[in-house]
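By convention in this document, chain letters (A, B, ...) are assigned in the order of the sequence lines, proteins followed by strands, and residues within each chain are numbered from 1.
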There are 2 protein chains.
Amino acid sequence: MGKQSVTIKDVARKAHFSTATVSRVINHDPKVSRETKAAVEAAMKEMGYRVNTIARSLRSSTTHTVAILSPEFRNDFFMAVAEGIEEELRTEGYTTFILNSRESIEEEKARISLMVEKQVDGAIIIPAGDRGEHYSMLVQEGIPFVLVDRIVEGMQADAVLSDNINGAYQAVDLAIRDGAQRIGCIGGDQKLTSARERYTGYERALRMHGIKVDQRIIAFSDMHADSGYRIMGELLEADPELRYVFAVNLFLHLGAEKYLLEHSIGNLIRFIAFDEALMNIVLSHDYITVRQPLEEIGKTAAMQLLQRIRSTEESPPRICRLQPEIISSGFSK
Amino acid sequence: MGKQSVTIKDVARKAHFSTATVSRVINHDPKVSRETKAAVEAAMKEMGYRVNTIARSLRSSTTHTVAILSPEFRNDFFMAVAEGIEEELRTEGYTTFILNSRESIEEEKARISLMVEKQVDGAIIIPAGDRGEHYSMLVQEGIPFVLVDRIVEGMQADAVLSDNINGAYQAVDLAIRDGAQRIGCIGGDQKLTSARERYTGYERALRMHGIKVDQRIIAFSDMHADSGYRIMGELLEADPELRYVFAVNLFLHLGAEKYLLEHSIGNLIRFIAFDEALMNIVLSHDYITVRQPLEEIGKTAAMQLLQRIRSTEESPPRICRLQPEIISSGFSK
DNA sequence: ATACAATGTGTAATCGATTACATCATCGCA
DNA sequence: TGCGATGATGTAATCGATTACACATTGTAT
């Protein structure tokens, strides 16, 4: 049990060199002779040596560790981003850590405190809310961080997110080119920047084509499936001739689909929506979805963070918006 | 930038005590006087002191950190388990770490190596495959671990998982009591213990009711939606009168639903299936699903791990099977 | 031959916290 | 009064790796 670990000292003794030399071998210092290097490496292998990263971190005050702070674990979008981050950082020799803020600012604060204690080299945060004063803790400690997916008002910080306006614009534009004239909108929670931006894109596309924005077939709510279901009913009541609907997220879309299913309205409505998880499994009819480059967002955030970690120079915050892709199944183009 | 952190030494100087005393205050050692404690705490607060967990870990060779190793991040089941684990461990003062083995034994091995280097106090593993020799690395280092969701053949280790046999049995039994006589089966990949166990439960329920097991309406495959789609077609071809189908996981179930949808077969078939994510959103008709107690599994695994971490005594491996819950929508009972 | 650079290796301090042991004051009790 | 017990605090070693500096050896230029 709890077998004593082999230390640099043990290796040094065995190889008849000093610990300094062993350390140099470990760190590929060019000024150790071939023979010495070989001898030390042999000893290390034989004894099954492993660096003690804790000792190393204490000395060098760098952990090669980055924390991801996510409001939820059970969320495919966030996890896709997390996978992208992890993949990018791993190839650069960093270890990634995921923490859960459970959609609470308080918890977020606690987790950030933990990061500071664990002395991460950097952090990538999917904000739990629209307030971010507590991120200053990181600033004070000199820990760089990048926001993802959401922007926090009045916060000067790096951020990476989808170009929501343009994604919505492109998707709605495509539908119009396909012949849509009247397009309803399930607009979600306009307190969220993402929903607001998507709605903006929708409106802009209508305007560009000279289609008037008709409030009777536009409704806002929260972002859940129930609301999608309910609003779908309301929109159809307002305009039974409606044939196209734009939904700002997956759950609103699924809720709306369910309404149609339950009311046996079948393939009457064509949807334009954000996100596409499960679409190919669940739906049998045509749709347009805006696919966010989630892993790409993660990778970009990771790269941006690495730059901050590596360069000592200050530079102004950068906000990077990645272009989503428009997926159309069955529409003309 | 990179502001110097306050150390125990700084606090000691400020409070006019030795570092030993400050350390005692931090660790709530009972033999510091009230006044001293107060003075030191005041100094700590004033200077914004935070323990350096790295230095602490080096000295005490314990990190209060546990790693979760998951084959995927983008998987609601695994993440639900992870949330349960994190919740339980956090209240016990442990930090949780999630690593991605990307469904590969090789990657799993590499991540385990990382855990050893990072000196986690324990690990919870959702195995990426059916081989587990590399877990011996943990055994050698004296790091306790618990397997979750899957069992690895021939591995002597703690494990926590659903009682798949009984879950399947109960669900199929319920359907039979509801009047089902012929129940088809989309059996998934019988190389996986979970699929095998669920099939066993299905068969057992039929047998208990004296219903013969008819291979013509039973098919195996992998665990993906495509297969569910294809097999649904095959089963209906084999027996157009089929009205009940048991599917061993969510994706097979959804694939089968899609087949019905596309072929406008509507509510002809009643499904009995494992897992229920999105069911209430996607489906409008009746179903029976087996709900696995995912968070509970996570919590149980965490508790079991904590016991191992805390007790020095060896004790034989324990395998714990938690009972799933049967959810029936629209069925008689 | 002399000086000086380049190369390879060792010595020892250091990172920040913990803790065994030492020290000293105080108190109770015979 | 004197003894040990108790309590409060300090001294210094320690965890394992890194690294500034010192030193020795060899090569090179003058």
Side-chain angles (χ1 to χ4, degrees), chain A residues 2-41 43-44 47-65 93 116-121 141-142, chain B residues 2-41 43-44 47-65 93 116-121 141-142:
Chain A
K3 183 178 279 196
Q4 235 60 268
S5 282
V6 181
T7 75
I8 210 175
K9 218 163 158 179
D10 303 321
V11 174
R13 192 172 316 117
K14 171 136 197 164
H16 304 291
F17 282 103
S18 70
T19 60
T21 299
V22 176
S23 174
R24 290 187 186 107
V25 170
I26 293 168
N27 296 289
H28 304 104
D29 186 319
K31 54 187 178 211
V32 283
S33 71
R34 282 192 182 301
E35 309 83 45
T36 307
K37 182 167 175 174
V40 170
E41 278 173 346
M44 292 199 304
M47 306 179 77
Y49 172 80
R50 281 204 146 79
V51 292
N52 181 326
T53 56
I54 293 177
R56 172 182 283 178
S57 291
L58 177 59
R59 183 56 225 252
S60 63
S61 61
T62 167
T63 53
H64 273 251
T65 289
V116 172
E117 267 165 24
K118 293 276 174 184
Q119 286 167 257
V120 298
D121 289 353
E141 298 283 336
Chain B
K3 182 178 280 195
Q4 235 62 268
S5 284
V6 182
T7 74
I8 211 176
K9 219 164 161 179
D10 303 321
V11 174
R13 194 172 312 119
K14 171 139 196 163
H16 303 293
F17 283 103
S18 70
T19 61
T21 300
V22 176
S23 174
R24 288 187 188 109
V25 170
I26 294 167
N27 296 288
H28 303 102
D29 187 319
K31 53 186 177 211
V32 282
S33 71
R34 281 192 184 301
E35 309 84 49
T36 306
K37 183 168 176 174
V40 170
E41 279 173 346
M44 292 199 305
M47 306 179 79
Y49 172 80
R50 282 204 145 80
V51 293
N52 181 324
T53 56
I54 293 177
R56 173 182 283 179
S57 290
L58 177 59
R59 185 55 227 254
S60 63
S61 62
T62 167
T63 53
H64 274 252
T65 290
V116 173
E117 267 165 24
K118 293 275 175 185
Q119 288 167 257
V120 298
D121 289 353
E141 298 282 336

> Step by step, would you call A:Thr53 with A:Thr63 a side chain to side chain contact (heavy atoms under 4.5 Å, CB included)?
Replying inline: CA-CA 8 Å; A:Thr53 56; A:Thr63 53; over 6 Å; no
>> Rounding to an integer number of Å, can you tell me how far A:Arg56 CZ sits from D:dC15 C1'?
In response: 16 Å
>> In this structure, how many angstroms lie between the P atom of C:dA17 and the NZ atom of A:Lys118, rounded?
In response: 14 Å
>> Looking at B:Asn52, I'd like to know whether one of its side-chain N or O atoms comes within less than 4.0 Å of OP1 or OP2 on C:dC15.
In response: no
>> Using 0.5 Å steps for rounding, measure from the CE atom of A:Met44 to the CZ atom of A:Arg50.
In response: 12.0 Å
> Any idea which of D:dT9, C:dG10, C:dT18 is nearest the A:Ser18 side chain?
Replying inline: C:dG10
>> Nearest whole Å is fine: how far is C:dG10 C1' from A:His16 NE2?
In response: 16 Å
> Listed by chain and number, what are the ring-ring contact (aromatic ring centres under 6.0 Å, His included) partners of A:His16, not counting sequence neighbours?
Replying inline: none
> Can you tell me how far C1' of D:dT19 sits from NE2 of A:His28, to the nearest Å?
Replying inline: 18 Å
>> Tell me the interatomic distance from A:Lys9, atom NZ, to D:dG16, atom C1', rounded to whole angstroms.
In response: 9 Å
>> Heavy atoms only, 4.0 Å cut-off, all strands: where does B:Ser61 land among base, sugar-phosphate and nothing?
In response: nothing
>> Please pick, from D:dT9, C:dT19, C:dG16, the nucleotide with the shortest atom-to-atom distance to any side-chain atom of B:Ser23.
In response: C:dT19
> At under 4.0 Å, does any side-chain N or O of B:Thr21 touch on OP1 or OP2 of D:dT9?
Replying inline: no
>> Here's a test of your reading of the structure: between B:Ala20 and A:Ile26, which maps to the more 5' nucleotide of DNA chain D?
In response: B:Ala20
> Counting any heavy atom closer than 4.0 Å, what does A:Val51 reach on the DNA or RNA strands: base, sugar-phosphate only, or nothing?
Replying inline: sugar-phosphate
>> Please pick, from D:dA17, C:dA17, D:dT18, the nucleotide with the shortest atom-to-atom distance to any side-chain atom of A:Thr19.
In response: D:dT18
>> Checking contacts here: which listed nucleotide (C:dG10, D:dG16, D:dA8) is nearest the side-chain heavy atoms of A:Arg24?
In response: C:dG10
>> When you compare the side chain of B:Thr7 with that of B:Asn52, does any pair of heavy atoms fall below 4.5 Å?
In response: no
> Can you tell me how far CG of A:Asp29 sits from OG1 of A:Thr21, rounded to the nearest 0.5 angstrom?
Replying inline: 9.5 Å
> If every non-hydrogen atom of B:His64 is compared with every non-hydrogen atom of B:Gly93, which pair is closest and at what distance?
Replying inline: ND1-O, 3.5 Å
> Which nucleotide, C:dT14, C:dT9, C:dA12, lies nearest any side-chain atom of A:Arg59?
Replying inline: C:dT14
>> Categorize A:Arg50 for me: base, sugar-phosphate, or nothing, with a 4.0 angstrom heavy-atom threshold over every strand shown.
In response: sugar-phosphate
>> Nearest 0.5 Å, please: how far is CG in B:Asn27 from CZ in B:Arg56?
In response: 5.5 Å
> If you round to the nearest 0.5 Å, how far is OG1 of B:Thr19 from NZ of B:Lys9?
Replying inline: 8.5 Å
> Does C:dG16 have OP1 or OP2 sitting under 4.0 Å from an N or O in the side chain of B:Ser5?
Replying inline: no
> Between the axis at one end of the helix from C:dA1-D:dT30 to C:dA30-D:dT1 and the axis at the other (five pairs apiece), what's the angle to 10 degrees?
Replying inline: 50°
>> Starting the side chain at C-beta, find the nucleotide from C:dT9, C:dT18, D:dA17 nearest to A:Ser33.
In response: C:dT9
> Checking all strands, does A:Ser57 fall into the base, sugar-phosphate, or nothing category for heavy-atom contacts under 4.0 angstrom?
Replying inline: nothing
> Between D:dT9, D:dA17, C:dG8, which nucleotide has the shortest distance from any of its atoms to the side chain of B:Lys31?
Replying inline: D:dT9
> What integer distance in Å separates A:Leu58:CG from D:dT14:C1'?
Replying inline: 12 Å
>> Please classify the nucleic acid contact of B:Ser60 as base, sugar-phosphate, or nothing, using heavy-atom distances under 4.0 Å.
In response: nothing
